[in-house]
Each structure stands twice: as C-alpha cells, then as structure tokens.
> 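Structure in structure tokens, see below.
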Amino acid sequence: MAATAPTPIPITTISELRQYHSQLVRLGLASHPAHARRLLAFLARDPARLPYAARLLAHHPDPRPALLNPLFASLPPRAAAALLSLMLSMPLQPDHFTFPRLLPAAPLALAAQLHALLLKLNFHSHTQTLNALLAAYLTGARPDLASRLFRTSSSSMLDVVSWTTVVGGLCRLGLVDDAREVFDGMPERNLVSWNSMISGYVKAGRYLDALEVFDQMRALGVEGNGYVAASAVVACTGASALARGREVHRWVEQSGIEMDNKLATAVVDMYCKCGCVDEACNVFDSLPTKGLTTWNCMIGGLAVHGRCNDALELFRRMEMAGVAPDDITLVNVLTACAHAGMVTEGRGYFRHFAESYGIEPKMEHYGCMVDLFGRAGQLDEASKVIDGMPMEPDIAVLGALFGACKIHGNVDLGEAIGWRVIELDPHNSGRYVLQANLLAGAGRWDDVTKVRQLMDERNVSKEAGCSVIEVDGEACEFRCGSLCHPQEEDIYAMAIDMVRRIRAEGYVPDTSEVFHDVAEEDKEESLLYHSEKLAIAFGLLRARPRETLRVTKNLRVCKDCHEATKYISLVFEREIVVRDRNRFHHFKDGTCSCKDYW
DNA sequence: TTAGGGTTAG
C-alpha cells in the first residue's frame, strides 16, 4: 500500500522543516520530487541553510538539476547565485533549463558571469539559453551587448523568439527605430512579433507608425488575436483616429476575436477618447462581464465628457454589482464631482471610499479635492486641503490650486502659487503661460514681460498650439499661426467669414489671454489663427452637412476659442467636439458640456 | 523555455 503524503503544513522555520523532513523520511517520501523540491525551495531562500540542502541532495538517490531549476526563477539574485554555486559544487551539471530559469531575474553583473559560465559549459549554442541571455542584457539596458550577441550568433541558432526578444527589448529601451530595423529583417514572424512592434510604437507615442505596421500585417493576410487588436485600438486612441478606431473595432468583430476584458476596455477607452461616449456606453453595456478597469474607464470617460451625473450613476451601478472600487475609481468619481461643481458629494465620496473600502487617500486624491474646491471657487477650502495633507503636496496638487486661481482670477494667491509651481517645474512652458495669463488678466504687463524674460533666460519655449481634425477618415493637423495646406486660402477665407458671422450674433473676441502687449486689432488677429479655429474652419469647409466636427488639441482650449466655438455651433448648426489636454467639450446650440468650467 | 494587450486628478 502506498504511503499517504503528510499534510502539507506550512514551513516557516527551520524546525518546522526538520519536522516535515523527518516525517517524509519515515514515510519513505523524502526523495519524491515534489516533496524534495518543497524542502529545497525553503532551504534555498536563505544561503545559510544551503549546507542542509547539500546534505539533502547528497542523500538523494537521483540528484538531478531538475530539482533545483524551478527554484531559480523565484529567488532573489544573491540567493540564486548561491544556489548555483551549490549546484556546481555537488557537482550537479546545469542543464538546458538552468540558464533560462536563472537569467531573467539576473542583474547585469550576474548575467555577465552566467554568460561566461555558459560559454564554458557549451550552452552558447542552445537557443533558449541564448534567448534568455539576450533578454537579460536588454532588461539590463545593455542593447550593445545584446546586439553583439545577436549579430555574432549563427542564424541557425536564432529562432522567432530570439528575434522577437530583441525587437521587444529595444522597444522597451525606447530604441524603436532600431527595433524596426530588426523587425524588418525577421526571416519569420508570429503574432507576438507583430504585436511587439505595434505595441512598441504605441509606447513610444508613434501611433501612426503602429497603425502602419498593423496594416502591413493585415495586408499579408495574417489573422490577428486579442493582443494585436488591443494594441491597434490603443494606437487609434493615441492618434485620436476615430474612423480608424471604428474600422479596427469592426475588424475585431468580423474576425471573431474574443472581446476579453482587456480588449473591451481598450475599445471603450478608444471611443471615450475619440469623443464618442455614447458608442463607448454601447460597447460597455454589451459586455457580459466587466472588469474593474473597464468600470473605471467608463466612469472616467463619462466624467471628462461632462456627463458627471451619468458617471456617478454608473459608479452606483458598479457598487450594486458588488465590484469593489480602487483608488483610480476614486480619482474618477472625484473628477466627476469636480467638473459638476458637486462639492458636498465629492466630500462624501472621499469619506465613503475610506470608510467602506479602506481606500486611503493618496496624493492624487488630495489633488482631486483641491480641484473640487478650487473649481467651485472655494480657494480657502482648497488651501486647507493642502495644509492638512499628511504628505508634502507635489507639483500636481499645487498645480490644481494654481489652475483654480486662474479660473477665478485670484491674482494674489495665484501669483504666489504660480511662482512656486514654476520653480518646481521650470521646464514646463504651460506653467509660465498660465502665470503670464493670470497677470495679463490683471493688466500687469510689466510682470508679464518678466515671465517672458524668465522663459527666455531658461530657454523654455511656449509649446505651439496644434489641433487635429479628422475629415473623411483622414487626419489633418493645424498649427497655431501657420497653414501648410493645399486649401490654405479657402481655409483662411472660411475662418474670416466664420468670425464675421458669429460676431453678428454677439461674439466679442476675448483678448485677455493674449499676452503680447500689442494693439487690440493685432491681438484679435492673432486669435483668429489659433489652431482650433483653423481646424474648425477646415471642418466646416470639408465635412458633410450635419457631421459632427471632432477636434483634438494638444493644449487647453483658450477662453476665446471656447467662446467662439459656442457661437459657431449655434450659427452653423454644428455639433463640435473638442478634446483638449484635460477633457472634452461638446459644443451644441451655443453651449458647451463643460458649462464653462474647465 | 523564451516574446506580447486595458483605466488615473491638474
């Protein structure tokens, strides 16, 4: 009759181990691989216990590297190195699994030593070992060593994993162009290779390049999977390319790729960030199961679109569904409250999350609270939040207060915070611009000049406004003040006509944020060339009647463009959706979804 | 045994 295994008591101390070990010996099970490995796993965690492990192995009837190999992956580098020494001293020869287990977690110095050792032991022509070594050099940020190893290895030893490892590793180091060169030279690719290149471009912010590779993949007739689909969708999100996003979504549905949680979240996020919350809601509602991230994404999406009550309603649905929120949920819920001016509710949620879910407020939550009070004009309360924080406020928290001072024209508090923010973030041109705007609003032109001088001295240049509009599925980019477009003259003429017509309805150019101290007409003219006005003018020229215009801007919308766009939506009977750096503005019939609160 | 995908305030 076979002996039954002892109850697997937890092993936390050496005496517990001895007890367990003697029990195994009594039952004749000490050499059983699963039990022996359990004993060794405990012993290997502390190099001081390795002599015990050595005795154990010495008494083992069939000591094999397989007993130790699985342990390497979960050990800290020093313990792993000590265990390897033990292995070599037994002597127990490393096998084909030893180095692939050891290398991934190895810091650079250890990886180099292992490299030398595996050369000596003749493992350099083993593909998996070579792949693990390539990965170790790349995670250790030594693309030079990885490339040399890669180039000097004979091509018969390199498999698709070797190539993909190099592509992915170079991407992670930000060397996307190098990665692309390797990718283009691949003798064979699989879906992981395609996705490594596509997601590599996405992480580098090179969304159009990502889509180009994705197109290339489809043109070759390669069928995708959920990973590739998610990367392509994220590329569309980044590029604000709604038409392409819709097309990728259709492709997913047609090719029968399963909409798992991650892919679904990417699609929901794409629709949100491309300005189509309703489509995002449709996808969201159609999902049989929703992960926490999916809920978070949808709640946040509604919030930044100004659909604050819907966002809070959705949060209640989430609670009803028994899904426990996390700290990102709290950020999104507070954002919804802040954008709707719901101060009391926001306070309530702040407490509710701590009391009901044990979510301790973090830096970003204090930032949200500052924003909540600040937007509502309660600058004292906002300052109190900062004073009462258990940690030093970071630049974002101070930035929120600064932004609030700008909205409410509080020059006294705002100027002081502004200087602090500038000193903490001296290379961010946006901080200087906000400070200059604040001072310009108060007519303090000398101080505006000082801000500009400071920017010059520090070589900080104002980021140029840039707006993108998609017409007929093609993205057109406009930069503030300049046009490089075949329809240049028509667009200018349209912009001028546009402003003429909305003026007739009561629009007055708001030059308070033009911080050159020049004649009023020049200021008005400079407003006309703001990138979003040019983009909208182009949209009016080219889009189909009643088609919603969707503009994405790199900076925040200025006060004047915001006002003008409200009038344009009224006079031209157009819905216009503008995504700016912070949020979405839905202009319709002369009003904006942000309720002039941004 | 090696390689790949989603959410976060201003």
Side-chain angles (χ1 to χ4, degrees), chain A residues 69 73 96-101 103-104 126-136 138 159-169 171-172 189-200 202-203 224-235 237 260-270 272-273 291-301 303-304 326-339 346 362-372 374-375 394-404 406-407 421 425 428 430-431 434 556 581-583 598:
Chain A
N69 285 337
H96 285 178
F97 293 101
T98 306
F99 291 102
R101 286 294 198 155
L103 280 162
H126 178 242
T127 301
Q128 272 105 11
T129 298
L130 173 70
N131 291 350
L133 190 54
L134 286 170
L138 289 162
D159 67 359
V160 67
V161 175
S162 331
W163 287 81
T164 307
T165 302
V166 173
V167 169
C171 285
R172 251 173 276 120
R189 297 179 188 131
N190 62 19
L191 285 176
V192 180
S193 331
W194 285 104
N195 190 45
S196 297
M197 194 64 244
I198 296 171
S199 70
V202 168
K203 285 193 201 92
N225 64 8
Y227 285 90
V228 174
S231 299
V233 169
V234 174
T237 310
D260 65 15
N261 262 316
K262 287 188 174 171
L263 177 54
T265 307
V267 173
V268 167
D269 190 47
M270 184 273 292
C272 285
K273 295 221 168 80
L292 172 59
T293 310
T294 323
W295 286 97
N296 283 346
C297 184
M298 194 64 244
I299 293 170
V304 293
D326 66 358
D327 43 5
I328 295 174
T329 321
L330 179 56
V331 167
N332 292 342
V333 164
L334 292 177
T335 306
C337 294
H339 284 284
K362 296 205 279 201
M363 184 74 83
E364 56 264 45
H365 303 122
Y366 289 103
C368 291
M369 293 306 282
V370 170
D371 189 44
L372 176 78
R375 275 174 196 279
D394 69 355
I395 176 74
V397 175
L398 293 173
L401 181 58
F402 183 38
K406 169 68 181 58
I407 295 174
V421 166
D425 197 9
N428 183 336
R431 313 288 186 189
L434 212 58
R556 287 176 49 163
R581 184 167 271 191
N582 291 345
R583 54 167 300 140
W598 82 100

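Basis for what follows: all heavy atoms, side chains included, without hydrogens, waters or symmetry-related copies. Naming: A, B, ... by sequence-line order, numbering from 1 per chain.
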> Nearest of B/dG5, B/dT7, B/dA3 to any side-chain atom of A/T165?
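That would be B/dA3.
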> In whole Å, what is the span from the NE2 atom of A/H126 to the C1' atom of B/dT2?
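Going from A/H126 (NE2) to B/dT2 (C1'), I get 10 Å.
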> To the nearest angstrom, how far is A/N332 atom CG from B/dG6 atom P?
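A/N332 atom CG is separated from B/dG6 atom P by 17 Å.
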> Has A/H339 got a side-chain N or O lying under 4.0 Å from the OP1 or OP2 atom of B/dG10?
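For A/H339, the contact criterion (side-chain N or O under 4.0 Å from OP1 or OP2 of B/dG10) is met.
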> Check whether the side chain of A/N190 and the base of B/dA3 form a donor-acceptor pair under 3.5 Å.
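Yes, a donor-acceptor pair under 3.5 Å.
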> Would you kindly give the NZ-to-C1' distance between A/K362 and B/dT7, to the nearest whole Å?
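Value for this atom pair: 13 Å.
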> Just wondering, do A/V167 and A/S193 contact through their side chains at under 4.5 Å, heavy atoms?
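Not touching, per the 4.5 Å side-chain cut-off.
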> If you check the A/K273 side chain, which of B/dT7, B/dG4, B/dA9 turns out closest?
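The closest nucleotide is B/dT7.
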> What closest approach, in Å, do A/A230 and A/A266 show between heavy atoms, and which atom pair accounts for it?
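Where A/A230 meets A/A266 most closely, the heavy atoms are O-CB, 4.4 Å.
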> Which nucleotide in the list B/dA9, B/dG6, B/dG5 gets nearest to the side chain of A/T335?
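Looking only at heavy atoms from C-beta outward on A/T335, the closest nucleotide is B/dA9.
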> Distance criterion of 3.5 Å, no angle test: do you see the side chain of A/D260 paired donor-to-acceptor with the base of B/dG5?
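Flag set: donor-acceptor pair detected.
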> Does a side-chain N or O from A/K203 land closer than 4.0 Å to OP1 or OP2 of B/dG4, or not?
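For B/dG4, neither OP1 nor OP2 has a side-chain N or O of A/K203 closer than 4.0 Å.
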> With a 3.5 Å distance limit and no angle check, can you tell me whether A/H339 reaches the backbone of A/A303 through a side-chain donor-acceptor pair?
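No; judged by distance alone, with no hydrogens or angles, the pair does not exist.
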> A/R172 side chain: which of B/dG6, B/dT7, B/dA3 is closest?
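Nearest to the side-chain atoms of A/R172, counting from C-beta on, is B/dA3.
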> Over all strands shown, is A/L334 touching base, sugar-phosphate only, or nothing at heavy-atom distances under 4.0 angstrom?
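Contact class for A/L334: none.
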> Hey, does A/A132 reach any base, or is it just sugar-phosphate, or nothing, if we go heavy atoms under 4.0 Å?
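Nothing, no nucleic acid heavy atom in range.
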> If you measure from CD on A/E364 to CG on A/D371, what distance do you get to the nearest 0.5 Å?
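If we round to the nearest 0.5 Å, A/E364:CD and A/D371:CG are 13.5 Å apart.
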> Between B/dG6, B/dT8, B/dG4, which one does the side chain of A/Y227 approach most closely?
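Among B/dG6, B/dT8, B/dG4, the one nearest the side chain of A/Y227 is B/dG4.
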> Report the nucleotide, chosen from B/dG10, B/dT2, B/dG6, that has the shortest atom-to-atom distance to any side-chain atom of A/V234.
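Minimum distance to the A/V234 side chain belongs to B/dG6.
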> Take the protein atom CD1 of A/I198 and the nucleotide atom C1' of B/dG6, then report the distance between them rounded to whole Å.
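So the two atoms are 16 Å apart, to the nearest Å.
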> Nearest-Å distance, CG (A/D371) to P (B/dT8)?
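That distance rounds to 16 Å.
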> Looking across every strand, which nucleic acid part, if any, lies under 4.0 Å from A/R189 by heavy atom: base, sugar-phosphate, or nothing?
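Nothing, no nucleic acid heavy atom in range.
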> Give the rounded distance in Å between these two atoms: CZ of A/R375 and P of B/dA9.
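After rounding, the gap between these two atoms is 11 Å.
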> Contact class for A/D326 vs. all strands (heavy atom < 4.0 Å): base, sugar-phosphate, or nothing?
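Result for A/D326 = nothing.
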> Whole angstroms only, please: what is the CG-P distance between A/N428 and B/dG10?
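Taking atom P of B/dG10 as the reference, CG of A/N428 is at 15 Å.
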> Using only modelled atom types and a 3.5 angstrom limit, is any donor from either the side chain of A/S196 or the base of B/dG4 paired with an acceptor on the other?
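Under the 3.5 Å cut-off, the side chain and the base do not form any donor-acceptor pair.
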> Got a donor-acceptor pair under 3.5 Å from the side chain of A/T294 to the base of B/dG6?
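A donor-acceptor contact between them is present.
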> In terms of side-chain heavy atoms of A/A400, which of B/dG10, B/dG6, B/dG5 is nearest?
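Minimum distance to the A/A400 side chain belongs to B/dG10.
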> With heavy atoms under 4.0 Å as the rule, sort A/G226 into base, sugar-phosphate or nothing.
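Base contact.
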> If only side-chain N and O atoms count, and only distance matters, is there a donor-acceptor pair under 3.5 Å linking A/T165 with A/N131?
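A/T165 and A/N131 do not have a side-chain donor-acceptor pair below 3.5 Å.
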> Where the side chain of A/T293 is defined as all heavy atoms beyond and including C-beta, which of B/dA3, B/dG6, B/dG10 is the nearest nucleotide?
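Of the candidates, B/dG6 comes closest.
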> How many angstroms lie between atom CG of A/D327 and atom OG1 of A/T329, to the nearest 0.5 angstrom?
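The distance works out to 7.5 Å.
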> Among B/dG4, B/dT2, B/dA9, find the nucleotide with the atom closest to the side chain of A/C368.
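So the nucleotide nearest the side chain must be B/dA9.
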> What's the closest nucleotide to the side chain of A/E364 if the choices are B/dA3, B/dA9, B/dT7?
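My answer, after comparing the listed nucleotides, is B/dA9.
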> Separation of A/L138 atom CG from B/dT2 atom P, in whole Å?
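Value for this atom pair: 16 Å.
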> Counting just side-chain N and O atoms, does A/R101 come under 4.0 Å of either OP1 or OP2 of B/dT2?
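Answer no for this pair, as no side-chain N or O of A/R101 is under 4.0 Å from OP1 or OP2.
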> Once you round to the nearest 0.5 Å, how far does CD1 of A/I395 lie from CZ of A/F402?
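CZ of A/F402 is found 9.5 Å from CD1 of A/I395.
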